[in-house]
Amino acid sequence: MKNKKKKLELTQPQILNLDDDFSLIKRFIDGDESTFNTLILRHKEKVRNIIYMTLNNHELVDDIAQEVFLTVYKNLMRFRFESQFTTWLYRITINKCKDYLRKMKIRSIFQSFKDSEEELGYSPSTDEADVSEIVREAIKKLPEKLRIPLLLKDIEGLSYQEIAESVQCEIGTVKSRIFRARESLKNILKPFEKELL
Amino acid sequence: MKNNIDRKYELLSAYVDNELSDLEIRKIEEDLKSSPDLRKKLDDFKKVKRITSSSVKIVKENPFFETRVAASIRIKEPFYLKFKKFYPLTAIITLSFIIMVILKYNPGIINNLVEKQKSNIAGFYKQNLKPLLYVADLTNEDIFNFAFYHKLPLDSKRQQYLYLSSNSKNGNYFEISSNRQKISDNNLNKFIKGLNLNNSQQKQVDSLLARYADNLQSQVLVNEKNIVAINPNIWNFNKALVADLVSFAAKVNHGKFQNIFPTGDYSLYPNAAMPQLVDKVNSASNDNYIFITPDTIFSDSFYFDKKKFKNDIKKFSNQITKMNDNFAFNFQLDSNLIKFNNFSSLGNNFKVYMDSNSFRINVPNAIVPQFPMRGFDSIASKLSKAGDLFRMFSFNFPEMNKGKNFYYKYFYSDSANGAKFKSFNFDSTFTFGNHKLDKLYGKNFKNYRFANPDSLNKLLKFFFSDSTAFNQKELQEEMLQVQRQLEEFQKQMQQFQKQIPNKSVTPKTVKQIEI
């Protein structure tokens with residue numbers, strides 16, 4: 001009984017609040033397309049940051065973010081209000097990033113062996129390299145399935161529940177992946193332990 | 001143990017993220033108080049989280065981003081782009097539709113294409129086929145041997161032969177291999193001498209054989225591509241020739257005929273005026289041939305214009321003679337096929353058995369035309385027996401007993417000098433398969449004493465490791481039977497020798513076969 005009341009308390013204010021995502025979406029569905037601009041303004045930086053962190057490439061951020069919001073625009077009329085808008089938005093963002101990475105993987109098959117050797121041969125120089133740069137390179141070396149939950153948690157501050165919905169897996173898996181990501185990161189950064197840790 | 005520690009560390013990592021329940025928080029905090037390792041691990045996680053959070057550059061804000069998105073929304077997507085993702089599917093559907101339409105209005109197009117290709121290949125193989133008679137320069141002796149030895153030479157140098165046979169187990173089959181019956185020569189002459197034929201009668205035999213030779217021209221064709229085309233009616237020609245020769249022999253000299261065919265039922269040739277069967281068999285010929293090429297066997301129709309060929313020979317006799325001199329037929333199978341002991345040719349139900357020396361092709365019965373004479377099937381088995389008897393006669397013909405190491409006389413009578421002994425049952429010996437026995441004789445025969453079981457054993461061993469793979473089991477059983485009979489025969493001979501008085505006796509009534 002108590003739980004039911006709590007649920008009502010949580011859900012009702014969301015619908016009634018005119019500024020929240022759900023009310024903006026409802027207005028959009030009702031024909032007020034200007035609300036979509038508000039949604040962009042509200043979430044664009046998070047989306048752009050997730051793309052940047054995932055792909056580690058400045059130049060791609062706006063292109064992929066644009067694709068994300070276009071997809072949202074096309075499908076918003078069918079939004080079912082079953083989960084938070086941000087969860088849906090981040091899922092689209094991560095999927096777009098994954099699509100891009102998949103395309104790159106296919107393309108890399110056709111790249112010369114020499115190029116890939118050069119990429120693999122990267123080794124940061126501690127004397128000159130920026131500390132943040134070292135950490136970024138270390139994060140880049142993490143596998144995709146560990147890197148994304150870690151960044152969504154530590155940079156974007158999403159909850160385990162939100163991450164689970166965004167990457168479409170169980171909360172327990174998210175917990176395990178973040179732990180493994182931290183362990184791996186610590187191992188990668190071991191040579192710079194004194195400077196960093 | 002490691003899993004427990006990992007789970008604890010996992011909880012510690014979630015503790016740093018403030019993602020644990022109250023109960024889990026209390027539990028982990030208790031553990032932290034008691035464990036310095038856990039406290040160190042907690043510090044590590046906090047440090048990693050701190051450096052991760054602080055190291056990542058936040059991407060520069062783009063104040064025009066929403067304008068850019070709004071503009072891209074306003075730009076209407078071109079019509080063709082909407083369907084871009086459907087392009088592969090559309091292409092497949094269109095192609096399938098086109099194929100369906102083509103097949104609807106031309107249902108036989110694929111079959112026609114396949115058939116066209118097949119006929120192109122078959123056409124290539126069929127080019128320039130000539131009668132074997134012409135290429136191999138067949139003699140009457142060859143035609144005669146075709147009757148009783150079922151063999152025809154494939155080349156003028158007599159290096160390869162075509163053997164025809166049929167039995168109840170394998171049906172009709174033929175083999176191409178080197179000559180394996182080297183001792184069975186001059187058979188026509190033996191036949192003539194055996195029957196004591198005069199010149200006129202000899203001419204009749206020659207005429208009979210010539211008539212068959214003429215008809216056999218179109219039954220076996222060969223060309224320079226090493227193709228052999230065989231008309232399945234050749235089996236009927238073979239039976240008819242045997243029937244005609246036996247009929248002729250019975251008619252021309254019945255007394256001597258008994259010498260050649262001492263056993264068997266002759267009532268099948270009561271009519272001395274039995275017509276030559278060649279015309280009847282010839283009427284059953286069709287244009288279906290079995291083509292044997294070095295890499296395939298197939299059955300297809302082919303019309304051989306005998307008249308045109310004869311005319312061509314007359315017209316271009318000089319050129320053709322030159323061409324014929326250069327044409328050396330030597331049938332060779334694709335060596336890659338030899339490793340397969342037997343295989344079935346695609347779609348034709350031909351069974352092929354082969355080894356490095358020869359190969360045999362079993363021909364489906366349906367391909368061979370029915371013998372065009374009612375009731376001939378009942379005669380066929382008797383004719384087969386007559387063939388066996390002739391081979392036995394030919395083998396024991398006095399001219400053959402010249403070898404120093406081989407002394408064997410065929411006693412027609414079962415008595416010698418008053419002593420009686422069981423006659424050796426040649427019928428059972430020869431019915432097992434004269435080909436195989438002939439082959440035994442043909443192979444370095446002089447080194448073996450026929451009546452000596454030890455030598456015979458060597459001979460058997462030698463042959464069982466030879467190329468008779470496709471008949472080995474059957475042959476082995478039959479040869480063991482022969483061996484047992486020979487051993488018994490040797491014992492009887494030894495017993496007989498003991499019974500003979502010491503002084504030499506000239507038998508008065510020993511009667512050899514009268515030839």
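Chain letters run A, B, ... following the sequence lines, proteins first, then strands; residues in each count from 1.
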Does the K44(A) side chain pair with the main chain of N62(B), one donor and one acceptor, at a distance under 3.5 Å? yes
Atom group of [X] that falls short of 4.5 Å from chain A, counting heavy atoms:
X	value
A14(B)	both
L11(B)	side chain
E10(B)	both

Among L150(A), D63(A), I51(A), V61(A), which residue forms the greatest number of heavy-atom pairs with chain B at distances under 4.5 Å? D63(A)
Pick out which of I40(A), V72(A), D62(A) makes a side chain to side chain contact (heavy atoms under 4.5 Å, CB included) with V69(B). I40(A)
Side chain to side chain contact (heavy atoms under 4.5 Å, CB included) assessment of I73(B) paired with F69(A): CA-CA 9 Å; I73(B) 288 167; F69(A) 282 105; over 6 Å; no
Could you report the tightest heavy-atom contact between I51(B) and V135(A), atom names first, then the distance? O-CG1, 4.0 Å
For side chain to side chain contact (heavy atoms under 4.5 Å, CB included), just list the numbers for K153(A) and E19(B), CA-CA rounded to whole Å, side-chain angles, deciding distance to a tenth of an Å, and then say yes or no. CA-CA 11 Å; K153(A) 181 71 210 170; E19(B) 289 279 350; 3.0 Å; yes
Identify the residues of residues 170-181 of chain A whose heavy atoms come closer than 4.5 Å to a heavy atom of chain B, ordered by number, or report 'none'. G172(A), K175(A), S176(A), I178(A), F179(A)
With rounding to the nearest 0.5 Å, note down the distance linking [atom1] in [X] to [atom2] in [Y].
X	Y	atom1	atom2	answer
T52(B)	L142(A)	OG1	CG	9.0 Å
F65(B)	Q66(A)	CZ	CD	6.5 Å
L70(A)	S72(B)	CG	OG	3.5 Å

Salt bridge present between D154(A) and K49(B) (N-O < 4.0 angstrom): yes
Side-chain touch K47(B)/R182(A), heavy atoms, less than 4.5 angstrom: no
With chain A, which of R68(B), E66(B), E61(B) has the greatest number of heavy-atom pairs at distances under 4.5 Å? R68(B)
Measure distances from A138(A) to the heavy atoms of chain B and classify the residue's part below 4.5 Å as side chain, backbone, both or neither. neither
Please classify the contact of Y73(A) with chain B as side chain, backbone, both or neither, using a heavy-atom distance under 4.5 Å. side chain
How about I110(B): does its CD1 atom have over 12 heavy atoms from other parts shown lying under 6.0 Å from it? no
Is the number of heavy atoms from other residues, nucleotides or ligands within 6.0 Å of CG (N18(B)) greater than 12? no
